[in-house]
Amino acid sequence: MTRKLYLETFGCQMNVLDSQLVLGQLRAQGYESVTDRDQADIILYNTCSVREHAEQKVWSRLGELRPKKAENPNLIIGVIGCMAERDGINIFQKFPHIDILCGPGELDQLATLVHNAAITSAPNRTRQVALMGAAVRRSTTLDAAEDHLEMLDLSRSISPSDDISQAYVRITRGCNKFCTYCVVPYTRGPEVHRPPKNIIEEVQKLVSAGAREVTLLGQTINHYAFNHGDGRTTTFAELLYQIHEATPDLPRLRFVTSFPRDFTNEALMAMRDCPRICRYLHAPAQHGSDRILKLMNRGYTTAQYRDFLSRAREFMPDVSVASDFIVGFPTETEEDFTATMELVQECRFKNSFIFKYSPRPGTTAIDRFKDDIPEETKRRRNNQLLAAQQQASEQFNRELIGHKVEVLVEGESKLVSRRNTTRSNGIELGWEKPKPKITIQLVGRTRGDQIVVFEGHPKMKGQLINLQITSAQSLTLFGQLPTPKTTPILV
Ligand code: SAH
Ligand code: SF4
Ligand code: F3S
């Protein structure tokens, strides 16, 4: 009998990828994935710990499951991902109905944990736990032999029902930066760089299966440098060239997240010279004040950030750049905040993800600094910065009005979708009835990561389409298909 699995994912692209990989492994064990939680024999949450709010969402889900578990003691509940690692076995005190706990560094073991939980019934079932040791969590090096996680990526299976027009491939795991506010180095462990051969083979496999866009993932992706152990090193720039060359049929290659320091000219040149690498950089500045950047342990000054940006634009005048910012970091004065505002007004970011500082247990910042900025001030600064970025984004987007762009169609737009069915009186006249023409609002993404809404055919999903931009807002561009004589015929 196939068992039904419900898996919900929170957090960043790394988690999305992890979920796809574990789903592949569990499918191979006979599990069928379902979208209705109430139908499931096993419920897994792949969790995020980056801000308290992300954890709260999972707590409320787990609270909802309490009566369900009481009703059906054989239901298996698992918490996997960053929150499992950060909270550890403490989570059982609050939620004793959890059966499986697995950190992101141990996900290659998840299939075994699930199997062990499933073969025993309720009263005799023991909890299945796989977490990194505290020593590994706090270190910046990992013995190659300990990198058993490579097996998870190598096990990647693609099923015909998977939508893989856009796919993720990680090139590094973990993070060694230890920014004082951040849980990631503790939840994902030390930085590990994957062998170029494995990365290239994975990208090739995805392209053969139909991927149109591959996004390479890493927390500080431009720090990639694979040491072959014989004196040779493959740098990030070299890896980009190698992937680009090895996948001539891949129309789009992109990568996130870039660390603003140590971004080499060679990597910028690779972006400039390889036509299928998207000219898009997500390079979070985090703050506009040098004093705060230092307290954050970011390791660069605003002058170095500006230098990085102007170098990037020198190589690629059309590069699209996105940033992240934290407002309300401990001790942040109005003057510090104004410096962030000025950076946003000056830098012409395509967009910025803006977050209110959230003190995280286990980080240096929570031990070292009092969370002294009142919630009200954080909210005000958040809104002010959002407004400044919105203005900048709108200006950035407006530059595309009247221009042609290529988008990769992601699917139906969340904006109100309109179905337009053209009826014909062909039947009465004795002709063969033509198929109704259906147009719906679709959403696509440009090479620079801008979102475009347009009216098109549902079958365009997953295709690369050229559009004419007609208008722009801060978060969305609006476009239309070229005039009929150049419209591709879609059947
Ligand atoms: N590796 C990426 C970021 C990963 S976390 C980088 O260094 O750029 C994603 C974003 O969450 C960060 O860029 C930061 O802006 C935000 N963030 C991380 N920890 C946070 C915290 N404790 N409070 C608020 N925002 C936080
Ligand atoms: Fe967190 Fe800093 Fe690492 Fe990004 S670079 S994941 S913000 S510690
Ligand atoms: Fe969240 Fe972990 Fe990603 S904390 S942002 S899911 S690395």
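Both counts, for ligands and for their atoms, begin at 1 and track the order of listing. Any value given below was found using the heavy atoms of this structure, including those in side chains, with hydrogens, waters and symmetry copies removed. Keep in mind that this is a model prediction, so the values were computed, not measured.
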T257 near ligand 1 by a heavy-atom separation under 4.0 Å: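 Right, T257 reaches ligand 1.
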Report yes or no: does a heavy atom of K356 sit under 4.0 Å from some atom of ligand 1?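 Within the 4.0 Å threshold, so yes.
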Can you tell me the protein heavy atom closest to [atom] and the distance?
{"atom": "atom 17 (N) of ligand 1", "value": "R51 NH1, 3.4 Å"}
{"atom": "atom 7 (S) of ligand 2", "value": "Y181 OH, 3.4 Å"}
{"atom": "atom 1 (Fe) of ligand 2", "value": "C182 SG, 2.3 Å"}
{"atom": "atom 2 (Fe) of ligand 2", "value": "C179 SG, 2.3 Å"}

Short N or O distance, [X] and ligand 1, threshold 3.5 Å exclusive:
{"X": "R360", "value": "no"}
{"X": "R298", "value": "yes"}
{"X": "D324", "value": "yes"}

For ligand 1, which part of [X] has a heavy atom less than 4.0 Å away: the side chain, the backbone, both, or neither?
{"X": "V50", "answer": "both"}
{"X": "Q219", "answer": "both"}
{"X": "S358", "answer": "both"}
{"X": "Q286", "answer": "side chain"}
{"X": "Y181", "answer": "both"}
{"X": "R188", "answer": "neither"}

Side chains of S19 and T9: donor-acceptor distance under 3.5 Å anywhere?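 T9 and S19 do have a side-chain donor-acceptor pair below 3.5 Å.
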Please check if any side-chain donor atom of D153 sits under 3.5 Å from a side-chain acceptor atom of S155, or the reverse.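 Short answer, no.
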Nearest-0.5 Å distance, [atom1] of residue [X] to [atom2] of residue [Y]:
{"X": "L26", "Y": "L21", "atom1": "CG", "atom2": "CG", "answer": "11.0 Å"}
{"X": "F236", "Y": "T264", "atom1": "CZ", "atom2": "OG1", "answer": "8.5 Å"}
{"X": "I76", "Y": "K69", "atom1": "CD1", "atom2": "NZ", "answer": "7.5 Å"}
{"X": "L281", "Y": "N222", "atom1": "CG", "atom2": "CG", "answer": "9.0 Å"}
{"X": "I326", "Y": "T340", "atom1": "CD1", "atom2": "OG1", "answer": "10.5 Å"}

Just let me know how [X] lines up against ligand 2, side chain, backbone, both or neither, with a heavy-atom cut-off below 4.0 Å.
{"X": "P185", "answer": "side chain"}
{"X": "C175", "answer": "side chain"}
{"X": "F178", "answer": "backbone"}

Report the protein N/O/S neighbours of atom 1 (Fe) of ligand 3 that fall below 2.8 Å; do not count waters.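 Those protein N, O or S atoms (cut-off: under 2.8 Å from atom 1 (Fe) of ligand 3) are C48 SG.
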List the steps, then state whether ring pair (Phe, Tyr, Trp, His ring centres under 6.0 Å) holds for F255 with H282. CA-CA 8 Å; F255 57 87; H282 181 194; over 10 Å; no
Contacting atoms of ligand 3, where contact means under 4.0 angstrom from a heavy atom of Q219: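 By the 4.0 Å cutoff, the relevant atoms are 7 (S).
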List every atom of ligand 3 that sits less than 4.0 Å from any heavy atom of R188, numbering the atoms from 1 in the order shown and giving each element.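 Listed by number with element, the hits are 7 (S).
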Ring centers of F396, F349 separated by less than 6.0 Å: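 Aromatic pair excluded; centres sit 6.0 Å or further apart.
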Considering only heavy atoms, which of Q219, M14, R298, E191 lies nearest to atom 6 (S) of ligand 2?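 The nearest heavy atom belongs to Q219.
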Against the six-membered ring of F92, is R127 placed for a cation-pi contact (under 6.0 Å from the centre, within 45° of the normal)?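 Pair R127/F92 counts as cation-pi.
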On the ring face of F355, is R51 found with NZ or CZ under 6.0 Å from the centre and within 45° of the axis?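 R51 over F355 ring: yes.
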Does any N or O in the side chain of H244 come within less than 3.5 Å of the main-chain N or O of R276, such that one atom is a donor and the other an acceptor?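 It does hold such a pair.
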Do other residues, nucleotides or ligands put more than 12 heavy atoms under 6.0 Å from Q395 CD?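 Counting neighbours around CD of Q395, 12 or fewer heavy atoms of other residues, nucleotides or ligands fall under 6.0 Å, so no.
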Output the list of atoms in ligand 1 that are nearer than 4.0 Å to some heavy atom of P284, sorted by atom number.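 Answer for ligand 1: 8 (O).
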Which of the numbered atoms in ligand 1 are below 4.0 angstrom from a heavy atom of I326?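 Result: 14 (C), 15 (O), 17 (N), 25 (N), 26 (C).
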Less than 4.0 angstrom from a charged side-chain N to a carboxylate O is my criterion; do [X] and [Y] meet it?
{"X": "E376", "Y": "R380", "answer": "no"}
{"X": "E191", "Y": "K177", "answer": "no"}
{"X": "D38", "Y": "K68", "answer": "yes"}

Which of the atoms in ligand 2, numbered in the order shown and given with their element, are less than 4.0 Å from a heavy-atom of T220?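 The atoms of ligand 2 under 4.0 Å from a heavy atom of T220 are 5 (S).
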Using side-chain heavy atoms (C-beta onward) and a distance below 4.5 Å, is E52 in contact with W59?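 E52 vs W59: side chains touch.
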Assess whether ring pair (Phe, Tyr, Trp, His ring centres under 6.0 Å) is satisfied between H287 and F329, documenting all intermediate values. CA-CA 9 Å; H287 212 278; F329 191 81; 7.7 Å; no
